[in-house]
Amino acid sequence: MERIYYHSTNRDLAPHYTPPVTFKDALFRGLAPDEGLFMPKILPSLTKQELKEIKHKPYSDVAFLVLNKFLYHDIEENTLRYILEKIYDFKLPIEPIDNITYLIRLDQGPTASFKDFGAQFMAQMMAHLKTDSSDITVLVATSGDTGSAVGEAFRDLEGFKVYLLYPKNEVSKIQEHQLTSIGNNIQAIAIDGKFDDCQALVKLALSDNSLEFLHFTSANSINIGRVLPQIVYYVYAYINIARNSEPMVFSIPSGNFGNSLGCEIARRMGLPVKKIIIAVNENDEFPKFLNAGSYQKVSPSRNCLSNAMNVGNPSNLARYFDFYGGILTKEGTIHKQPNLENMKKKLFSVSVSDVETVDTIIKMNSKNNLLIEPHGAVGIYALQKYRENNRAEPAICIETAHPAKFPEVLEEVLHTKIDSPPSLLKYKSRSTKVTFLNNNYIEFKSYLLDNK
Ligand SMILES: *Cc1c(COP(=O)(O)O)cnc(C)c1O
């Protein structure tokens with residue numbers, strides 16, 4: 001197996017050639033020195049034979065098959081197997097919506113959202129690959145679910161200190177309780193601003209040379225350590241749902257596009273994917289781009305019921321541009337157009353309103369006897385939109401969080417009480433702690449300095 005190195009999405013913009021780095025370097029740096037995102041230089045492939053052999057195997061076996069292809073030269077095989085068995089010990093329920101449409105629930109992890117898949121893996125990789133004896137400071141901007149998933153994944157891991165930044169008024173009550181109650185080496189910071197502001201503060205700190213001694217790393221969805229494990233559940237869903245080797249459509253509720261990027265990589269590795277539906281809420285910058293070829297971020301981002309997707313300038317879009325031959329900077333400036341025709345062949349994107357989201361939740365509950373939350377509903381509605389103009393191909397929708405994370409919305413529209421899974425009940429007994437800060441880098445910086 002050829003070793004996989006990682007280069008930056010900005011590599012052709014930089015005045016000097018920067019050599020590609022190993023997985024370990026990409027993992028701890030988070031962002032490339034030229035502020036681009038790390039991309040695998042080559043992708044390994046998944047053969048039909050491998051897909052056949054892995055059918056009906058436990059999730060951790062599928063994860064090993066996929067991730068060992070990336071990490072063969074970086075982590076001992078037995079160690080990787082051990083880690084995967086330890087962190088992926090929960091189920092991925094698959095439910096039929098109709099006879100050609102399925103829903104896979106990625107909400108059975110320790111914090112009840114799909115973010116657990118990436119966060120758990122990334123934390124374990126960092127803990128195993130860390131050689132430096134100094135403590136590492138992990139910075140996370142979160143629109144809700146990332147923070148708790150990352151916090152929980154690093155809780156009590158020696159040598160790591162984690163700061164979770166979230167927009168004060170834009171996370172649900174349960175999300176906030178989760179974020180502020182992890183405790184120990186995990187600190188929650190409520191910013192008087194939007195998610196994009198939190199993300200901007202993190203990016204400023206990461207590129208601030210005067211803070212180098214804090215040994216920062218970022219655990220946002222840009223971290224390659226979170227992207228790679230998100231390839232796995234598409235493979236798992238496919239082998240457990242496809243009958244022969246028919247191509248399938250995947251509909252993915254999307255915000256920063258890290259989740260759907262896993263599907264794009266799986267497709268490029270050889271998974272039979274017919275179309276990737278990037279389902280977004282009223283933050284419609286990407287469907288507009290696919291239509292018109294010009295990109296305008298939504299700023300400030302719009303507040304929608306699917307709050308983890310209130311993103312006006314998705315950070316992983318730069319990676320999509322790279323895959324399709326373009327260059328996009330983190331500010332949202334196009335330096336080179338991607339191949340738009342190709343993009344449209346493989347990707348479909350549609351913006352779903354809050355009204356359509358609520359209608360879908362109600363309809364799925366009454367007609368299909370399926371309990372879904374707002375993010376999952378965006379994905380299901382987007383698939384319906386896609387099918388209006390396309391043949392009804394077999395499809396898999398992704399439910400990204402547990403409905404009990406959104407009791408306010410669901411109880412209001414469905415008039416029933418939503419039971420919490422054990423993963424969420426554990427938070428009820430924990431006490432909370434949070435620091436409030438203005439949306440101001442100087443203030444954030446002095447907080448970090450005071451806390452070191
Ligand atoms: C983060 C999140 C999303 C969006 O995923 P991206 O990888 O940012 O596109 C969707 N749904 C839920 C519940 C989330 O937490």
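Basis for what follows: all heavy atoms, side chains included, without hydrogens, waters or symmetry-related copies. Since the model is a prediction, treat every value here as computed from it, not as a measurement. Counting starts at 1 for both ligands and their atoms, in listed order. In what follows, residues are counted from 1 in the order of the sequence shown.
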Query raised in the report: More than 12 heavy atoms of other residues, nucleotides or ligands under 6.0 Å from CD of E331: is that the case?
Result: yes
Query raised in the report: Considering only heavy atoms from C-beta outward, does the side chain of L13 approach that of T329 to under 4.5 Å?
Result: yes
**Report entry** Centroid-centroid distance, F117 to Y59, less than 6.0 Å
**Finding:** yes
Query - Heavy-atom check, side chain of K433 versus side chain of Q187, under 4.5 Å - result: yes
Query raised in the report: Would the Y88 and F64 ring centres measure less than 6.0 Å apart?
Result: no
What does the contact table look like for ligand 1 (nitrogen or oxygen on each side, cut-off under 3.5 Å)?
{"from": "ligand 1", "atom 1": "7 (O)", "to": "G258", "atom 2": "N", "distance (Å)": "3.1"}
{"from": "ligand 1", "atom 1": "7 (O)", "to": "N259", "atom 2": "N", "distance (Å)": "2.8"}
{"from": "ligand 1", "atom 1": "8 (O)", "to": "N256", "atom 2": "N", "distance (Å)": "2.7"}
{"from": "ligand 1", "atom 1": "9 (O)", "to": "G255", "atom 2": "N", "distance (Å)": "2.7"}
{"from": "ligand 1", "atom 1": "9 (O)", "to": "N256", "atom 2": "N", "distance (Å)": "3.2"}
{"from": "ligand 1", "atom 1": "9 (O)", "to": "F257", "atom 2": "N", "distance (Å)": "2.8"}
{"from": "ligand 1", "atom 1": "11 (N)", "to": "T400", "atom 2": "OG1", "distance (Å)": "2.8"}
{"from": "ligand 1", "atom 1": "15 (O)", "to": "K115", "atom 2": "NZ", "distance (Å)": "2.6"}
{"from": "ligand 1", "atom 1": "15 (O)", "to": "D145", "atom 2": "OD2", "distance (Å)": "2.5"}

Query - F90 six-ring face occupied by R105 cation (under 6.0 Å, within 45°) - result: no
